[in-house]
Undergrad: 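Please read through the structure below; I'll follow up with questions.
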There are 2 protein chains.
Amino acid sequence: MAVMERATETQSAYLLVRRAILAGELLPGQRLVEKELSERFRVGRAAIRTALARLEQEGLVESEPFRGARVRTIGEAEAVEILEARAALEALAAHHAAQKATPEQAEALWAIHRQMEERHRAGDLLGMSELNSLLHRTLVEISGHQTAARLIEGLRAQGVRHQFHTILVPGRPQQSLEEHRRIIAAVAAHRPEEAEAAMKAHLGGVIAALKRIGRSTL
Amino acid sequence: MAVMERATETQSAYLLVRRAILAGELLPGQRLVEKELSERFRVGRAAIRTALARLEQEGLVESEPFRGARVRTIGEAEAVEILEARAALEALAAHHAAQKATPEQAEALWAIHRQMEERHRAGDLLGMSELNSLLHRTLVEISGHQTAARLIEGLRAQGVRHQFHTILVPGRPQQSLEEHRRIIAAVAAHRPEEAEAAMKAHLGGVIAALKRIGRSTL
DNA sequence: GTCAACCATATTGTCAACAATCCGTGCGGC
DNA sequence: GCCGCACGGATTGTTGACAATATGGTTGAC
């Protein structure tokens, strides 16, 4: 990731700021002063400027005229909305994936699932979370649905912070493993409707977990 | 629309270019030379530049480094993808709308539907198409689901050109009216699942019409 | 006649300076 | 002490010039 592909400064700036936000180096609500970012990432202010415009369009940043930009804060209500939208789109992707998946692709999904089980036994929640992302991404990729892929990627970026927490709900990891198992089984067996329903159920579970967190921390 | 709300030039530029694309004044595939647009819309090149960046993020424009931007061409396959994604998200919105709709809101939907029937009797397909957009937008508004609303708006913008054609398929208007009737009925009766299914069926019908066009014109 | 290298032009990417706007601060009036 | 108000610093918005890059045509060799 450090190579950055000899692109124009503008693209670098976009990727750099985006990554910093997703990595939590720039916190929600924090002001994004153009000059500061410009110095921090060693790119011109113009590059930062268009990067911020793109990030605003993407929903990661909000800005007001003459008052600057800041990292958008996503509350629990919006996090639920984001997950609902993701559920709708990933269910669509699962549907397509179930129609198109080759045996090799199905096996790749099972392989990821086995790794998740392993991490679960090892008590490695962070590892599970990363594999979870990989699993979902792989499924979307198998679906070949580029429009859904683009939208889902944007939603995932917005939800990173909250998504991370749901795995801490007691009993959630086991449930998640079981839900994933059903999704993969449906995809591997070429049963689109079943895959779609299973994906909806899965993200419904995540939403429920998120809401439970909300109630407990209030 | 001529007033433009005393905003910054950048915002105006974004809205102007966007509107020109949606209105078909800038055709798919057409090059978007910054200087030309700058003169045409009487705004600085910097404003055009960030407008193009935003539009690219939105999926209405594509650009390559040092080679400029052009209006993105959306083929039939992608148009289908867009409609599928819309179907998933609008079904979600319909679900929420059915939970939240007040009697007044339901009546507003029926009113739009009656106008559509009227236009249909008058043979005014363009008017129907506009009312169709209004109906969908109103439904999304009722749902109160801002995340879905944002995504749907973007998808609708990308699909304008194709969407317009589906209404020309023989028998499609009547079918559309019936599908809308079911959606509204389900929303008015507070039956989320039914509303969701009806919306999916409706946009499924649009997709089928679009595919039929594809087959006939090839 | 064909092909490759080269050059002119058009266009985008970058930069630095300037103008416009917002925000906090201190001043004066009451 | 409290409120309105002007002022100054900080930050964004805009402009114009310049550098970097792609494109298309031209020239020359073969």
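Because the structure is a prediction, the values reported are computed rather than measured. Letters go in sequence order (proteins before strands), and every chain restarts at 1.
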Undergrad: Write down the distance between CD (B/Glu36) and P (C/dT11), rounded to a whole number of angstrom.
TA: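 Taking CD of B/Glu36 and P of C/dT11, I get 7 Å after rounding.
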Undergrad: Kindly assign one of parallel, tilted or perpendicular to the pair B/His96 and B/His145, based on the angle between their ring planes and the thresholds 30° and 60°.
TA: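 Ring orientation of B/His96 relative to B/His145: perpendicular.
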Undergrad: In whole angstrom, give the distance that lies between atom CZ of B/Arg31 and atom C1' of C/dT12.
TA: 10 Å
Undergrad: Check DNA chain D against residues 45-55 of chain B and give the residues with a non-hydrogen atom under 4.0 Å, in numerical order.
TA: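 Close to the strand are B/Arg45, B/Ala46.
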Undergrad: Salt bridge check: are B/Glu58 and B/Arg18 linked by an N-O gap of less than 4.0 Å?
TA: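 Yes, charged N to carboxylate O under 4.0 Å.
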Undergrad: Select from B/Pro65 and A/Pro65 the residue whose nearest nucleotide in DNA chain C is closer to the 5' end of that strand.
TA: B/Pro65
Undergrad: If you check every side-chain atom of A/Phe66, which of C/dT14, D/dT12, D/dT15 has the closest atom?
TA: D/dT12
Undergrad: Between A/Glu81 and B/Arg150, does any NZ, NE, NH1 or NH2 come within less than 4.0 Å of an OD or OE carboxylate oxygen?
TA: no
Undergrad: Hey, does the side chain of A/Arg67 come within less than 4.0 Å of D/dT12's phosphate (OP1/OP2), counting only N and O?
TA: no
Undergrad: Closest approach to the side chain of A/Val33, judged atom by atom: which nucleotide of C/dC15, C/dT11, D/dT11 is it?
TA: D/dT11
Undergrad: D/dT12 phosphate, OP1 or OP2: any side-chain N/O from B/Thr8 under 4.0 angstrom?
TA: no
Undergrad: Taking atom CZ of A/Arg54 as the centre, report whether more than 12 heavy atoms of other residues, nucleotides or ligands fall under 6.0 Å from it.
TA: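 Counting neighbours around CZ of A/Arg54, more than 12 heavy atoms of other residues, nucleotides or ligands fall under 6.0 Å, so yes.
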Undergrad: Could A/Glu107 and A/Arg114 be called an ion pair, given the rule that one side-chain N must be under 4.0 Å from one carboxylate O?
TA: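 Looking at A/Arg114 together with A/Glu107, the answer is yes, because their closest N to O distance falls below 4.0 Å.
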Undergrad: Take the protein atom CD of B/Glu34 and the nucleotide atom C1' of D/dT14, then report the distance between them rounded to whole Å.
TA: 15 Å
Undergrad: How about B/Gln30: does its CD atom have over 12 heavy atoms from other parts shown lying under 6.0 Å from it?
TA: yes
Undergrad: For B/Arg70 and C/dT11, what is the distance between atoms CZ and P respectively, to the nearest whole Å?
TA: 12 Å
Undergrad: Is the number of heavy atoms from other residues, nucleotides or ligands within 6.0 Å of CD (B/Glu56) greater than 12?
TA: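 Yes, because the 6.0 Å sphere around CD of B/Glu56 holds more than 12 heavy atoms from other groups.
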Undergrad: Search all heavy atoms of A/Leu151 against all heavy atoms of A/Leu89 and return the closest pair with its distance.
TA: CB-CD1, 3.7 Å
Undergrad: Could you state the CG-C1' distance from B/Leu37 to C/dT11, rounded to the nearest angstrom?
TA: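 Nearest whole value for this atom pair: 12 Å.
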Undergrad: What is the distance, to the nearest angstrom, from the CD atom on B/Glu9 to the C1' atom on D/dT14?
TA: 7 Å
Undergrad: How sharply is the helix from C/dG1-D/dC30 to C/dC30-D/dG1 bent, taking the axes over five pairs at either end and rounding to 10 degrees?
TA: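 It comes to 10° between the two terminal axes.
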Undergrad: Distance check needed: D/dA22 C1' versus B/Glu64 CD, whole Å only.
TA: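 Interatomic distance, CD of B/Glu64 to C1' of D/dA22: 11 Å.
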Undergrad: Looking at B/Glu179 and B/Arg172, is there a salt bridge between them, counting it only when a charged N and a carboxylate O are closer than 4.0 Å?
TA: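 Here B/Arg172 pairs with B/Glu179 in a salt bridge, since their nearest N and O are under 4.0 Å apart.
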